[in-house]
Amino acid sequence: MKPVIALVGRPNVGKSTLFNRLTRSRDALVANLPGLTRDRHYGEGRLGERPYLVVDTGGFEPVVKEGIVHQMARQTQQAIDEADVVVFIVDARQGMTPQDSLIADHLRKTGRPLSLVVNKAEGMKHSAVVADFYELGLGEPCAISSAHGEGVRDMIEHALELA
Ligand code: GDP
Ligand code: MG
């Protein structure tokens with residue numbers, strides 16, 4: 001069985017960009033518009049000989065209960081339920097947000113193995129990038145740049161160790 005890795009986080013943190021890099025596809029819709037990936041989206045990635053499935057999700061906004069955003073949250077929940085590992089992605093440029101804390105609380109409750117990943121970290125000092133996110137209580141984050149491919153291999157290696 002191929003391990004399933006779900007990419008979860010607020011809209012616009014770079015989930016689809018990471019998905020595309022991991023699956024080397026252009027399938028996931030990447031855009032500046034937050035929340036464009038409205039459904040789960042599967043692709044296959046490979047670390048050396050080891051294949052895995054990766055699931056892109058729409059933005060996760062647990063406080064919104066109605067309409068399309070709720071729908072996205074439900075799709076994301078389904079992706080979490082079927083994942084072996086959840087990669088929780090946050091944005092180094094924006095830093096910690098209240099939404100990140102809410103999502104972290106929710107993910108902790110699911111009991112799924114979690115990997116915290118700080119994206120958009122290119123050109124930033126590692127210590128500065130990770131310090132901000134320690135208070136999430138999810139351990140040492142992996143700093144990556146999905147756009148530039150930096151840190152992505154180490155990050156996926158770590159995620160697969162949890163699977
Ligand atoms: P999603 O909503 O979480 O799927 O985010 P997207 O993958 O659609 O990306 C949102 C925006 O962030 C796009 O403009 C991307 O080009 C940009 N982005 C994604 N990854 C990186 C990165 O590593 N560094 C920077 N600077 N921008 C990124
Ligand atoms: Mg997306």
Side-chain angles (χ1 to χ4, degrees), residues 4-45 47 52-64 67-83 85-107 110 112 114-133 136 138 140-159:
V4 177
I5 300 174
L7 307 180
V8 175
R10 288 186 296 108
N12 232 28
V13 294
K15 297 179 295 299
S16 298
T17 305
L18 180 58
F19 176 91
N20 288 346
R21 186 165 285 280
L22 291 174
T23 62
R24 290 182 183 81
S25 75
R26 307 218 147 258
D27 284 345
L29 200 47
V30 180
N32 283 314
L33 286 175
L36 252 184
T37 313
R38 293 243 162 96
D39 210 337
R40 281 170 297 162
H41 195 110
Y42 299 86
E44 188 174 295
L47 179 71
Y52 55 87
L53 291 177
V54 56
V55 189
D56 189 19
T57 63
F60 195 31
E61 303 196 66
V63 292
V64 183
I68 186 71
V69 177
H70 177 54
Q71 186 65 24
M72 285 196 296
R74 224 185 49 186
Q75 291 288 349
T76 301
Q77 185 58 52
Q78 285 169 2
I80 292 166
D81 290 342
E82 64 191 23
V85 182
V86 174
V87 170
F88 174 32
I89 305 169
V90 293
D91 184 329
R93 311 271 148 180
Q94 288 213 316
M96 261 280 283
T97 73
Q99 282 281 339
D100 290 329
S101 305
L102 283 172
I103 296 171
D105 289 344
H106 178 80
L107 291 178
T110 68
R112 279 277 178 277
L114 279 178
S115 175
L116 175 60
V117 168
V118 187
N119 188 37
K120 310 193 187 184
E122 72 273 8
M124 293 174 75
K125 226 179 126 191
H126 183 81
S127 55
V129 169
V130 301
D132 203 20
F133 294 98
L136 287 173
L138 297 174
E140 169 108 13
C142 292
I144 69 165
S145 170
S146 298
H148 298 262
E150 295 164 14
V152 172
R153 196 194 150 87
D154 285 354
M155 171 249 134
I156 204 69
E157 212 168 295
H158 176 251

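For the numbers below, each heavy atom of this structure counts, side chains included, while hydrogens, waters and symmetry mates do not. Both counts, for ligands and for their atoms, begin at 1 and track the order of listing.
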**Asked** Can you tell which of H148, K120, M124, E122 gets a heavy atom nearest to atom 17 (C) of ligand 1?
**Response** K120
**Message:** Before you tell me yes or no, could you show the steps for D100 and T97 under side-chain hydrogen bond (donor to acceptor under 3.5 Å, both in side chains), namely the whole-Å CA-CA distance, both residues' side-chain angles and the distance that decides it to 0.1 Å?
**Reply:** CA-CA 5 Å; D100 290 329; T97 73; 3.3 Å; yes
**Request:** Run down the list A92, G14, A147 and name the one with the heavy atom closest to atom 6 (P) of ligand 1.
**Result:** G14
**Asked** What do the steps show when you test I156 against V54 for side-chain contact (heavy atoms from CB on, under 4.5 Å), and what is the final call?
**Response** CA-CA 10 Å; I156 204 69; V54 56; over 6 Å; no
**Message:** Between the side chains of D91 and K120, is the shortest nitrogen-to-carboxylate-oxygen separation below 4.0 Å, so that they form an ion pair?
**Reply:** yes
**Asked** Is there a side-chain contact between N119 and V13 (heavy atoms, below 4.5 Å)?
**Response** no
**Message:** Could you tell me, atom by atom, which parts of ligand 1 come under 4.0 Å of a heavy atom of K15?
**Reply:** 1 (P), 2 (O), 3 (O), 4 (O), 5 (O), 7 (O)
**Request:** Using a cut-off of strictly less than 2.8 Å, determine whether N12 has an N/O/S atom near the Mg ion (ligand 2).
**Result:** no
**Prompt:** Taking atom CD of E82 and atom CD1 of I80, what is their separation to the nearest 0.5 Å?
**Reply:** 10.5 Å
**Message:** For ligand 1 and D56, I'd like to know whether there is a polar contact (N/O to N/O, distance under 3.5 Å).
**Reply:** no
**Item:** Step-by-step salt bridge (Lys or Arg N to Asp or Glu O under 4.0 Å) determination, E122 to R93
**Value:** CA-CA 10 Å; E122 72 273 8; R93 311 271 148 180; 3.5 Å; yes
**Asked** Is the shortest N/O to N/O distance between S16 and ligand 1 below 3.5 Å?
**Response** yes
**Prompt:** ligand 1 and R93, any nitrogen or oxygen pair closer than 3.5 angstrom?
**Reply:** no
